[in-house]
Student: 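Sharing a structure below in structure tokens format, with a few things to ask.
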Amino acid sequence: MKYPKETKTYCPKCKKHTKHTSKVESTSKARGKTTKGSRKHERILKGYGGKRKGNPTIKKQGKRQRVLLTCTECKKKHQRVIGSRTKKKLEVVAKEK
Ligand SMILES: [Zn+2]
């Protein structure tokens, strides 16, 4: 998937359409086993008593590609999701004329 490097879209801070520069936003990862919730979950799984909210059996096909838009006037950043779940990677390209 291709996305233009510069676009004119709505800026929530300026409350009008301004020029934005786009950048590929890295997908977020799981925090691991150090968070309070996951530590509690492991404590519950210990010993007898079955399981509680185990791992999901269904695997999602692909991830939603996001782009980070930066307003050139106020430097405010905001995200935008491009399309739905795909395995294709998003790439930012300069607009051809
Ligand atoms: Zn702005």
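Heavy-atom basis, side chains included; hydrogens, waters and symmetry copies ignored. Since we're looking at a predicted model, the values are computed, not measured. When a ligand or atom number is given, it counts from 1 through the structure's own listing order.
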Student: What protein N/O/S atoms are there under 2.8 Å from the Zn ion (ligand 1), waters excluded?
Tutor: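 Those protein N, O or S atoms (cut-off: under 2.8 Å from the Zn ion (ligand 1)) are Cys11 SG, Cys14 SG, Cys71 SG, Cys74 SG.
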Student: Are any of the side-chain heavy atoms of Arg85 and Gln61 separated by less than 4.5 Å?
Tutor: no
Student: I'd like to check the ring-ring contact (aromatic ring centres under 6.0 Å, His included) partners of His17; sequence neighbours left out, ordered by chain and number.
Tutor: none
Student: With hydrophobic residues grouped by side-chain heavy-atom distances under 4.5 Å, do Met1 and Leu68 end up in a single group?
Tutor: no
Student: Write out all pairs satisfying salt bridge (charged side-chain N to carboxylate O under 4.0 Å, His left out) with one or both partners inside residues 3-14, taking only residues at least two apart or from two chains.
Tutor: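 Listed once each, the pairs are Glu6-Lys19.
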Student: List in chain and number order the residues that pass salt bridge (Lys or Arg N to Asp or Glu O under 4.0 Å) with Lys16, two or more places apart in sequence or in another chain; answer none if no residue qualifies.
Tutor: Glu73
Student: What I'd like to find out is whether the side chain of Lys23 reaches to under 4.5 Å of the side chain of Thr70, using heavy atoms alone.
Tutor: no
